[in-house]
2 protein chains.
Amino acid sequence: MAYRSTDRVKARLSASRQRIVTAALEIMAQHGYAGCSVAAVAERAGIATGSVYSHFPTKADLFAEVFRIASQREVDAVSRAAGLEGTMAARITAVIETFAGRALQSPRLAYALLAEPVDPAVDAERLVFRRAYAHIIAGYVADGIARGELPAQDPDLTATALVGAFAEAMVGPLAAGVAGPDTIPNLIAFAHRALGVSP
Amino acid sequence: MAYRSTDRVKARLSASRQRIVTAALEIMAQHGYAGCSVAAVAERAGIATGSVYSHFPTKADLFAEVFRIASQREVDAVSRAAGLEGTMAARITAVIETFAGRALQSPRLAYALLAEPVDPAVDAERLVFRRAYAHIIAGYVADGIARGELPAQDPDLTATALVGAFAEAMVGPLAAGVAGPDTIPNLIAFAHRALGVSP
DNA sequence: ACAAGAATTGAACCACTATTCAATCCTTCG
DNA sequence: CGAAGGATTGAATAGTGGTTCAATTCTTGT
């Protein structure tokens with residue numbers, strides 16, 4: 001027994017793995033999923049193509065993780081922003097401003113996460129992403145109903161429908177690169193009506 | 001000049017083209033876009049693989065047409081149903097019942113039209129489909145505002161957001177194969193609130 | 001220093017499927 | 001009928017890009 005992997009090596013491996021994920025994220029933000037060949041990711045990470053496969057069994061596994069991380073970031077940002085607010089109206093405003101603001105900041109990445117055609121295995125991760133959003137919003141809706149701020153409704157359906165509404169409303173602007181100045185306020189007004197917040 | 005294509009031949013060609021489109025639609029309804037290899041379409045149409053290419057320059061062109069036709073069918077059905085109604089509330093109810101009812105009738109096809117990963121060139125056609133829905137709804141919304149049934153709002157944004165909401169609310173049920181019995185009524189209630197129809 | 005074994009390389013491989021095309025079959029018309 | 005040209009065939013081709021693996025380089029413990 002002349003070799004057993006040591007902490008230093010383990011750290012290097014983990015750093016390498018991290019660099020792969022980061023490289024994939026950067027390429028997605030720049031050229032979308034379409035630009036993410038394994039070779040391109042490896043090159044940007046500064047390793048050989050084949051080395052990707054000592055960290056991830058398949059490309060789909062790599063991008064499932066990439067989507068998971070990127071999505072979590074978005075969901076966390078929205079959750080954090082909305083959590084600071086007290087009323088339902090303020091919360092949903094924060095959700096939309098954060099979601100839309102961040103999407104417009106990184107339009108290519110947002111498009112990849114929301115709508116770009118991807119491998120079916122990766123698409124599954126996208127559904128998780130959308131459900132995570134819906135889950136947060138459903139919590140707020142249930143809360144709002146309990147506090148009498150909102151009329152009776154199915155929190156899950158409302159939340160799912162709102163997530164769809166937000167995503168669809170952003171796809172056009174994301175493709176164009178900019179949103180009209182009223183897009184976000186209009187979307188907020190839509191959401192307030194849909195929730196039934198008292199004006 | 002010993003040959004010039006005659007009407008009978010032209011009819012046969014056009015019938016053949018039609019059979020290709022129909023075969024593609026049937027396979028989509030059965031196995032989704034994923035099952036639609038050119039070879040599979042040709043076999044179902046009863047012709048050789050290569051013959052597809054004497055009717056369509058590329059697979060993407062074929063499926064752009066297939067999506068266009070299938071989408072138009074859906075949009076027409078919704079438009080027809082809603083057109084029979086007078087009030088905004090009744091119209092949007094008809095839109096949702098028709099859209100959701102038809103989707104649940106052909107879940108695999110609906111999933112392919114709405115959400116399945118497809119070739120980017122075909123994806124573009126999907127956007128046209130969604131915009132066509134939005135356009136119809138935007139007309140109703142503008143009408144509703146003019147008649148004082150709805151509060152002031154941006155008809156295009158409301159319509160786009162509603163289309164996203166409908167699609168998102170259907171994706172789960174389509175994947176599961178069935179919708180809970182309250183999905184459609186709840187979605188109708190959501191849309192009524194979002195539009196601001198007076199109760 | 002050296003042997004054992006792990007990590008890395010990157011060019012070759014492979015699977016998949018859209019697309020092509022030489023050969024063949026049909027249709028038209030003199 | 002026979003020649004001209006179009007339509008059809010389906011096996012071969014080709015482009016793409018994920019995945020593999022023999023060779024090489026690097027690490028570790030004696």
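Chain naming here is simple, since letters A, B, ... match the order of the sequence lines and numbering starts at 1 in each.
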Seminar exercise, completed: Among the nucleotides dT19(C), dG18(D), dT19(D), whichever has the atom closest to the side chain of Ser37(A) is dG18(D)

Seminar exercise, completed: Side-chain atoms of Ala48(B) come closest, of dT9(D), dT19(D), dT8(D), to dT9(D)

Exercise. Is there a chain of hydrophobic side chains (I, L, V, M, F, W, Y, each step under 4.5 Å between heavy atoms) that links Met28(A) to Val171(A)?
Worked result: no

Seminar exercise, completed: Rounded to whole Å, the CZ-C1' distance (Arg17(A) to dT8(C)) equals 17 Å

For this session: Return the orientation label for the Phe166(A) and Phe99(A) ring planes: parallel under 30°, perpendicular over 60°, tilted otherwise.
Result: tilted

For this session: Using atom NZ of Lys59(B) as one end and atom P of dT20(C) as the other, report the distance to the nearest whole Å.
Result: 15 Å

For this session: Could you state the atom-to-atom distance from CG of Leu13(A) to P of dC26(D) in whole Å?
Result: 15 Å

Exercise. Once you build an axis from the first five pairs and another from the last five of the helix from dA1(C)-dT30(D) to dG30(C)-dC1(D), how far apart in angle are they, to 10 degrees?
Worked result: 10°

Problem set entry | Touch class at under 4.0 angstrom, heavy-atom based, for Ser51(B) against every strand present | base

Exercise. Separation of Ile47(A) atom CD1 from dG10(C) atom P, in whole Å?
Worked result: 11 Å

For this session: Kindly say if Arg12(A) contacts the phosphate of dC26(D), meaning a side-chain N or O under 4.0 Å from OP1 or OP2.
Result: no

Problem set entry | Gln153(A) and Thr158(A): side chain donor to acceptor below 3.5 Å | yes

Problem set entry | Nearest-nucleotide pick for Ser54(A), side chain only, options being dT8(C), dT9(D), dT19(D) | dT8(C)

Exercise. Separation of Lys10(B) atom NZ from dG5(D) atom C1', in whole Å?
Worked result: 15 Å

For this session: Identify whether Ile69(A) and Leu62(A) are in the same connected component of the hydrophobic contact network (ILVMFWY, side-chain heavy atoms under 4.5 Å).
Result: yes

For this session: Using the rule that two of Ile, Leu, Val, Met, Phe, Trp, Tyr join whenever any of their side-chain heavy atoms come within less than 4.5 Å, decide whether Tyr111(B) and Val118(B) are in one cluster.
Result: no

Exercise. With distance as the sole criterion, is a donor-acceptor pair present between the side chains of Thr58(A) and Asp61(A) under 3.5 Å?
Worked result: yes

Problem set entry | Length of the CD1-P vector between Ile20(B) and dA7(D), whole Å | 13 Å

For this session: Find the distance Asp119(B):CG to dA18(C):P and express it as a whole number of Å.
Result: 10 Å

For this session: Rounded off to whole Å, could you give me the CZ-to-P distance for the Phe56(A) and dG18(D) pair?
Result: 15 Å

Exercise. For DNA chain D, whose closest nucleotide is more 5', that of Ala34(A) or that of Gly50(A)?
Worked result: Ala34(A)

For this session: Could you tell me whether Phe63(B) and Tyr33(B) have their ring centroids closer than 6.0 angstrom?
Result: yes

